[in-house]
Every structure is written in C-alpha cells, then in structure tokens.
Amino acid sequence: MPELPEVETIARAIEPDIVGRTIVSAEVLWARTLATPSVKKFKEQVQGQKITGVSRRAKYLILQLEDYNLLIHLRMSGDLTIRKGKIKPEKHDRLVLSLRSKNGKESQLAFNDTRKFGRIWLTDQPETILGKLGPEPLEKKFTAQWLFENLHKKKRQLKPLLLDQTFLAGLGNIYTDECLHMAKLHPLGLSNAISRKQAGALSEAIQSALKEGIRRNGASIDWVYRGGEYQNYFRVYDREGKPCPVCGAEIQKLIVGQRGTHVCPKCQPLERK
DNA sequence: CCTGAAACCTGTCTGC
DNA sequence: TGCAGACAGGTTTCAG
C-alpha cells in the first residue's frame, strides 16, 4: 500500500490518538519485524516511554519517544491502526504497543502486516537509518534545477532511478508511473538524456502527483482500506488496455526493473536506446 | 557504475 | 472444483 502520500495519511490519522500517551508494554508476534534491537531489549527500552510526536521521512513513520525514535517502514502490506481498550491481536498483527493516556484510558497501536516485509527500528540514532535517503520531493531542496543536475550525474533508466530512495525519497510504483505519464516521459528513458525543460516538467509532475495523493488521503487498493480515494484518479497505473486520459490511446503494461509499469505509448514515446 | 534476478512473505486472481 | 502459476503498493543483496 504505502508510498509517501499513504504514509503521510497514516501519520496524520494516528497522531491525535497517540501523542501524549505512554507505552505500557509491547507484544512482538513476529520477531523479524524488529530490525533492531532484540525483542528483549525492545520491550525493556520501549516500556514507559511517552510518545511525544509523530512525523514522516520518505516512507518511514517516525514516532518520537522521550529517549528514542521508533521508525516504522510499512513496505508492501503494512498498516497501523488504533484499537480502543484491551483486545486480542488480530490476524497478521506483528507488533502491538499498549498505550495509556493521562486519565488512564487504554488503547493499542497495532502494526498489521500480511506479507511480513515491514520493519521497525527502535534507536537513539535515527540518522544511521534515515541518513542515506535522498531529498523530500515536497520540500524546498527539491527543485527543477536540482533534479536536472542530479539526473545528469547518472546514466540510469528513469523509473528505477526515481524509485531509488537514495536518489529521491518517497516515490513508489504507483506515483512513479503517474508522474512519468504527466511529464510525458518513458520509464526506460535515460536520466542523462533529459532536457532542462523535461526535468522541469518532471519535477512539477512529481510534486503534483504526490500532493494530489495526499489531498485524496492516498490510494486504497485490495484489502487495505483507509478511505483513500486516489485510486479513482489513476491516469495509467493498473489501467492496462484502457484509454489514456490525455489522448485516448491504449495504456500498455511492461516490466521495468522487475516492476509492473504502465505507459501511454503515444504520450510517452521512447526515443531509441 | 548499471542492470537484472532472486529473496523475503501471504493472499488473491486467472487459466486450464 | 482443484491446482499451478502469476502477481501485488518495497527493499536488499548478489552476479555479470
């Protein structure tokens, strides 16, 4: 499910329900969910910590605790939900934090992750994990100029490069297809062949696709539903065989960097190779 | 440096 | 109906 707009949506949704609460205990139902530290240390260290803030960097959710940061990466199928009271874990719950508010109300923050790819880190050195990420596409460091210069430092296929979180942070398979279509660029185009004008169009497209995703509370597909609506506005993603909203040509599906990739053959021509 | 393949997992859908 | 195979929003690691 989660790319930048979905993670942002979840961060905003859970923030009011968890900030100010104290973690009473932790239940770890799938040990490998914990990237660091060990289950034993995790339980000891997290217990008694008050949650002081919630934020997002790239696709990581960050729960700020008094003495640590709790980093959560949802990967393919992870989700976070708040449950009131004391209840049994649900199917596919991998880690559950029991919380208590000032007035003694109990609730739980559950990390549910069907495919078990998600990871959680408890650390006082978040930079060791977040430090290698590229810029946030919605922050001021990310400009048309920055994008042009950095695309030209590499000679890589556009789509895999945009998916590379050390290059730019937050895009995933859906939003990359959408923004390449908006910018009329082919996913297999080479990064160093992009003109200034194309880089400008791409930077605009990236920001507008992500902002639209956030505005619509992300995309909800399959079994994960958060009330997001962006899936109803896909231009190319998951629309193989359907008409391009711009020119009416049939959307084609191909594989790029092992990922299903959707393009309009007319709007996004591939110039040679 | 760049690309592609495989691995990590479970569930759903498609085609025979 | 059953079953094999493909595929799914992400990332890491390895081979060439």
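Naming: A, B, ... by sequence-line order, numbering from 1 per chain.
Residue A:Arg156 has a polar side-chain atom (N or O) positioned under 4.0 Å from OP1 or OP2 of B:dT3. One finds no side-chain N or O of A:His92 lying less than 4.0 angstrom from the OP1 or OP2 phosphate oxygen of B:dT10. Residue A:Tyr237 places at least one side-chain N or O closer than 4.0 Å to OP1 or OP2 of C:dG9. Distances shorter than 4.0 Å separate some side-chain N or O of A:Lys116 from OP1 or OP2 on B:dT10. Listed pair A:Arg119 / C:dT11 fails the phosphate criterion, with no side-chain N or O lying under 4.0 Å from OP1 or OP2. Between A:Gln157 and B:dG4 there is a side-chain N or O to OP1 or OP2 distance below 4.0 Å. Side-chain nitrogen and oxygen atoms of A:Lys91 include at least one within less than 4.0 Å of the OP1 or OP2 phosphate oxygen of B:dG11. In this structure, A:Lys59 reaches the C:dT11 phosphate: one of its side-chain N or O atoms is under 4.0 Å from OP1 or OP2. Listed pair A:Gln165 / C:dT11 meets the phosphate criterion, a side-chain N or O lying under 4.0 Å from OP1 or OP2.
Look at CG on A:Asp93: it is 15 Å from P on B:dT10, rounded to the nearest Å. We find that CG of A:Leu163 is positioned 12 Å from P of B:dT3, with the value rounded to whole Å. As a whole-Å value, the separation of A:Asp177 CG from C:dG10 C1' is 14 Å. Residue A:Leu4 contributes atom CG, which lies 11 Å from atom P of C:dT11 at whole-angstrom precision. We find that CG of A:Asp164 is positioned 12 Å from P of B:dC1, with the value rounded to whole Å. Per the geometry, CZ belonging to A:Arg115 stands 13 Å off P belonging to C:dC7, to the nearest Å. A:Asp113 places its CG atom 18 Å from the P atom of C:dA8, with the value rounded to the nearest Å. Distance A:Ile10 CD1 to C:dG10 P: 13 Å, rounded to the nearest Å.
In this structure, of C:dG9, C:dT12, C:dA8, it is C:dG9 that holds the atom nearest to the side chain of A:Arg259. When distances run from any side-chain atom of A:Arg75 to the nucleotides C:dT11, C:dA8, B:dG11, the shortest one goes to C:dT11.
The closest side-chain donor-acceptor pair between A:Asp67 and A:Gln49 falls under 3.5 angstrom. Side chains of A:Thr123 and A:Asn69: a donor-acceptor N/O pair is absent below 3.5 angstrom, by distance only. In summary, the side chains of A:Asn173 and A:Lys159 do present a donor paired with an acceptor at a separation below 3.5 Å, with no hydrogens or angles considered.
C:dC7: Watson-Crick or G-U partner is B:dG11, with both key distances under 3.5 Å. The pairing partner recorded for B:dC1 is none, the criterion being a Watson-Crick or G-U wobble arrangement whose two distances lie under 3.5 angstrom.
For the P atoms, the distance from C:dG5 to B:dA6 is 15 Å, rounded to whole Å. The gap from the C1' atom of B:dT12 to that of C:dT11 amounts to 23 Å, rounded to the nearest Å.
Aromatic stacking of A:Phe117 on B:dC8: satisfied, with centres closer than 5.5 Å and planes within an angle under 30 degrees.
The pair A:Glu136-A:Arg56 counts as a salt bridge, with a side-chain nitrogen and a carboxylate oxygen less than 4.0 angstrom apart. A salt bridge links A:Asp93 with A:Arg83; the closest basic N to acidic carboxylate O contact falls under 4.0 Å. Taking 4.0 Å as the cut-off between side-chain N and carboxylate O, A:Glu66 and A:Lys50 do not count as a salt-bridged pair.
Mapping A:Lys153 and A:Gln258 onto DNA chain B by nearest heavy atom places A:Lys153 closer to the 5' end of the strand.
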